[in-house]
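Input: a single structure, listed below in structure tokens.
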Amino acid sequence: MESYQPSVLLIYTGGTIGMIENPETGALENFSLEQLQKQIPELQKFSFRIDAHQFDPPIDSSDMNPEVWRELVRIISEHYDEYTGFVILHGTDTMAFTASALSFMLEGLRKPVILTGSQLPIGVLRTDGKENLLTSIEIATACHPNGRPIVPEVCIFFENHLMRGNRTTKMNAENFNAFRSFNYPVLASAGIHIKYNHVQIHIQTEYKMLKPHYLLDTNIAILKLFPGIQPNVVDAILGTKGLKAVVLETYGSGNAPRQEWLLKRLHDACERGIVIVNVTQCSAGTVEMERYETGYRLMQAGVVSGYDSTTESAVTKLMFLLGHDYSPAEVRKRMGRPLAGEITV
Ligand code: ASP
């Protein structure tokens, strides 16, 4: 029998993982992938092919945008057949947005796309980057005995946990344990062994080719409610020129104040064809608008449920659906159906 040789494409976009301290100024500066490889000699211990693609210049993930997501999709789809899996080194700040966007843009994905980064730069003694990178490579090349990848999903691996990308949120700016998937179990835990949670991993049952998508519409806003929110703030957001959709961050299980001015403005915006999706401000749990009158009134105004979606996932899913030029009614319908395991319905 032919022996199977895995391979991985390492895509370095930037972020803390690839930074080094300038000895003179003490500031963190980007350094090249070559230098990164020098800092992690362990990479050479992998007995298979690791190729690299570097963004030039590397970008802090605060500068991440849909143009870069398209570039990532292009790189992955152009090299799709050449590698067992892909590892993307990315700044942590917006990693959950990128992972969510890629999960929608890479339709029919059957290979691992693992995003990782670090809280401390690779050059620092206590860095978490080494461990994150090495384990991500291992996961990206892990296959069943029949050669099929174990995790054919877009994921984030961070501090011993593999999570579905579109379920994650960065929830800590200090700890190594920076990401959480509050509403979906982890897909794997890394200790002495990497233990895969096979039942939670999405497997494509029918054969599909990878279908890369590039169209995204960014005419979206996030409206976060707070006690005392004023009509002029809501007007400014809902009256934004060209606005097509709003992620409405509500309280608890999807509740909002019952003030008539607010409900009327939301209702009028829905009537104008703006899609308003209700996502909870809570880290965990789901929107159930029928539970309290405060949620029920939103439903009557035309707001649709985002279920247990993260804000990152709701924003990027809306960009993706609006990019397809679906009617507002169709976008509303599709927000209620999982595209890539991003909601539980
Ligand atoms: N500002 C950095 C970034 O997101 C932080 C990090 O990488 O953790 O690119």
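Treat the numbers as computed from the prediction; the structure is a model and nothing was measured. Atoms within a ligand are numbered from 1 in the order they appear, just like the ligands themselves.
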Donor-acceptor contact present, side-chain Ser61 to main-chain Asp93, <3.5 Å
yes

Would you check if Leu133 and Leu10 make a side-chain contact, meaning some heavy-atom pair closer than 4.5 Å?
yes

Considering non-hydrogen atoms of the protein only, which is the closest contact for atom 5 (C) of ligand 1, and what is the distance?
Thr16 OG1, 3.2 Å

Which of the atoms of ligand 1 are close to Gly15, meaning less than 4.0 Å from one of its heavy atoms?
7 (O), 9 (O)

Would you call Glu71 and Arg74 a salt bridge, taking side-chain N to carboxylate O under 4.0 Å as the test?
yes

Ignoring hydrogens and geometry, is there a side-chain-to-backbone donor-acceptor pair from Tyr12 to Gly18 under 3.5 Å?
yes

Under 3.5 Å, is there a donor-acceptor pair between the side chain of Arg164 and the main chain of Gln200?
yes

Check this for me - ligand 1, Lys170, N or O atoms closer than 3.5 angstrom, yes or no?
no

Would Ser118 count as a contact of ligand 1 if the rule is a heavy atom under 4.0 Å away?
yes

Can you tell me the protein heavy atom closest to atom 4 (O) of ligand 1 and the distance?
Ser61 OG, 2.5 Å

Heavy atom of the protein closest to atom 8 (O) of ligand 1 (residue, atom name, distance)
Thr92 OG1, 2.3 Å

